[in-house]
2 protein chains.
Amino acid sequence: MGGSSEQKSNQREATAIERTLEAVGDRWSILLVRAGLRGIRRFDDFCADLGIARPVLTDRLRRLVRLGIMERTPYQEKPVRYEYRLTEAGLALSPALVALVRWSEEYGAGGISDSRLVHSTCGTELEQAFWCRRCQTTFGPQAVKGVGRGVDAGPQADVHKDVPAGGSAK
Amino acid sequence: MGGSSEQKSNQREATAIERTLEAVGDRWSILLVRAGLRGIRRFDDFCADLGIARPVLTDRLRRLVRLGIMERTPYQEKPVRYEYRLTEAGLALSPALVALVRWSEEYGAGGISDSRLVHSTCGTELEQAFWCRRCQTTFGPQAVKGVGRGVDAGPQADVHKDVPAGGSAK
DNA sequence: CGACTGAGTTCGGAATTGAAACTCAGTCCG
DNA sequence: CGGACTGAGTTTCAATTCCGAACTCAGTCG
């Protein structure tokens with residue numbers, strides 16, 4: 001096309017985020033994971049709690065199971081009944097969920113937040129940061145570099161200002 | 001169960017995550033934000049880079065602007081041309097993006113990762129954590145408590161194991 | 001035996017996509 | 001001057017996907 005000589009990363013190989021979103025990037029999957037974190041496990045409960053249509057729920061649960069995010073196991077034998085619970089991979093999505101909640105708390109439309117995330121041992125509102133094992137410091141998104149081509153907070157990721165970024169830790 | 005004495009958080013009032021997902025919870029919005037972080041700003045570039053259909057792109061960009069996640073400004077006057085760039089609120093979504101990338105790196109299907117996130121100053125792979133300003137420590141998702149009803153990693157959020165959680169940070 | 005549970009399925013109809021072609025203003029080239 | 005080109009969108013129409021409600025099926029309870 002045009003004179004462009006640059007080759008953007010096109011669809012051939014999905015990037016990390018694309019792959020993640022393929023798994024949980026639809027309107028419901030993340031909500032299902034969240035429900036799972038809240039302890040919901042049974043079909044009808046997911047259905048009632050989220051207001052998701054049954055056929056869609058069936059499909060999503062199956063996909064999450066296939067992707068190893070949830071597990072379907074019988075919780076009683078009499079009439080065999082199955083429940084869905086998060087696997088380790090599913091639980092590992094919680095940082096992402098928390099990040100989304102935090103965002104909504106800060107920038108969400110309306111501004112009113114019905115829930116605040118706090119550090120359970122002291123009740124202080126938490127901040128999110130990255131942790132470098134080697135340097136033993138926390139730092140913000142602007143010090144993250146993508147090696148390869150998933151995310152490189154390149155050209156314009158500099159406007160930040162409210163991230164802990166090295167709160168103390170050094 | 002039948003009588004349902006428990007009041008799950010139903011659809012009446014959207015929870016924090018629900019509100020966030022309403023903004024960026026569709027198949028494309030997050031990808032658009034990511035593209036924005038990578039420096040893409042122009043309509044056709046978003047289109048080519050993501051392979052998104054034009055009508056959908058139009059719609060999503062408009063929504064992101066309406067939600068204050070992106071800004072539409074002219075970048076030349078001759079023939080007026082507009083570009084879309086992330087606002088502060090948009091940039092603030094990066095922790096969530098990073099969390100998603102991290103997840104894919106660790107649990108993503110296939111296992112092959114085309115990008116690893118590292119601490120830019122030392123090249124070490126980063127870990128994600130939460131930071132408590134008061135306690136001056138980092139901690140993992142299991143020590144997060146939701147006050148209100150957004151997320152409370154309640155009943156089963158205990159299986160974790162690979163989060164720094166207080167690595168040292170002091 | 002009849003009502004009830006829990007986990008799905010099977011319908012239509014409604015809303016969203018997606019690909020490709022078309023519009024429009026203005027600029028560049030010969 | 002006129003045709004080709006850009007960039008940012010529309011329009012059109014077929015193909016998906018989604019929702020809501022009703023239905024199935026196995027097994028249990030009273």
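Residue numbers start from 1 in every chain, and the chains themselves are labelled A, B, ... in the order their sequence lines are given, proteins ahead of strands.
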Please list, pair by pair, any protein nitrogen or oxygen found under 3.5 Å from a nitrogen or oxygen in nucleotides 17-23 of chain C.
from: dT17(C); atom 1: OP1; to: R60(B); atom 2: NH2; distance (Å): 2.8
from: dT17(C); atom 1: OP2; to: R60(B); atom 2: NH2; distance (Å): 3.3
from: dG18(C); atom 1: OP2; to: W28(B); atom 2: NE1; distance (Å): 3.1

Distances under 3.5 Å between protein N/O atoms and the N/O atoms of nucleotides 2-5 of chain D, please, pair by pair.
none

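One N or O on the side chain of E18(B) and one on the backbone of T15(B) form a donor-acceptor pair closer than 3.5 Å. Looking at W103(B), its side chain never comes within 3.5 Å of a backbone N or O of P95(A) through a donor-acceptor pair. In this structure a side-chain-to-backbone donor-acceptor pair under 3.5 Å is missing from E22(B) to R19(B). Using a distance-only test at 3.5 Å, with no hydrogens or angles considered, a donor-acceptor pair links the side chain of T87(B) to the main chain of G90(B). A donor-acceptor pair is defined here as one N or O able to donate and one able to accept, closer than 3.5 Å; such a pair exists between the side chain of Q76(A) and the backbone of P79(A). Using modelled atom types, one side-chain atom of T20(A) and one backbone atom of L100(B) make a donor-acceptor pair closer than 3.5 Å.
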Walk me through whether R38(A) and R34(A) qualify under side chain to side chain contact (heavy atoms under 4.5 Å, CB included).
CA-CA 6 Å; R38(A) 292 179 41 227; R34(A) 182 183 81 115; 3.6 Å; yes
Please determine whether side-chain hydrogen bond (donor to acceptor under 3.5 Å, both in side chains) holds for the pair R72(B) and Y84(B), giving the CA-CA distance in whole Å, both sets of side-chain angles, and the decisive distance to 0.1 Å.
CA-CA 5 Å; R72(B) 178 171 179 269; Y84(B) 296 85; 3.3 Å; yes
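To the nearest angstrom, P of dG9(D) lies 12 Å from CD of E83(B). Whole-Å rounding puts the L61(A) CG to dG8(C) C1' distance at 11 Å. Computed from coordinates, the F43(A) CZ to dA7(C) C1' distance equals 6 Å when rounded to whole Å. Per the geometry, CD belonging to Q76(B) stands 14 Å off P belonging to dT6(D), to the nearest Å. Atom pair D44(A):CG and dC4(C):C1' shows a separation of 12 Å (rounding to whole Å applied). A straight line from CG of L57(A) to C1' of dG6(C) spans 12 Å, rounded to a whole angstrom. Going from atom CZ of R42(B) over to atom C1' of dG7(D) covers 8 Å, rounded to whole Å. We find that CG of L31(A) is positioned 14 Å from P of dC18(D), with the value rounded to whole Å.
Among the protein residues, F46(B) comes within range of no part of the nucleic acid, since none of its heavy atoms lies under 4.0 Å from any strand.
Checking the phosphate oxygens (OP1, OP2) of dA8(D), a side-chain nitrogen or oxygen of Y75(B) falls inside 4.0 Å. Proximity of R41(B) to the phosphate of dG7(D): no side-chain N or O atom is located under 4.0 Å from OP1 or OP2. Note on Y82(B): every side-chain N or O is 4.0 Å or more away from OP1 and OP2 of dT6(D).
Under the rule for a side-chain contact (heavy atoms from CB on, under 4.5 Å), the partners of R60(B) that lie at least two apart in sequence or sit in another chain are D26(B), W28(B), S29(B), L32(B), V56(B), R63(B). Taking the side-chain hydrogen bond (donor to acceptor under 3.5 Å, both in side chains) definition, one finds that D44(B) meets it with R54(B), sequence neighbours left out. In this structure R42(B) satisfies the side-chain contact (heavy atoms from CB on, under 4.5 Å) test together with D45(B), Y75(B), E83(B), sequence neighbours excluded.
Interatomic distance, CD1 of I69(A) versus CG of L61(A), reported as 11.5 Å (0.5 Å rounding).
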Contact letters for nucleotides 25-30 of chain D, in which S counts primed atoms plus P, OP1 and OP2 and B counts the base, heavy atoms under 4.0 Å
-BSS--
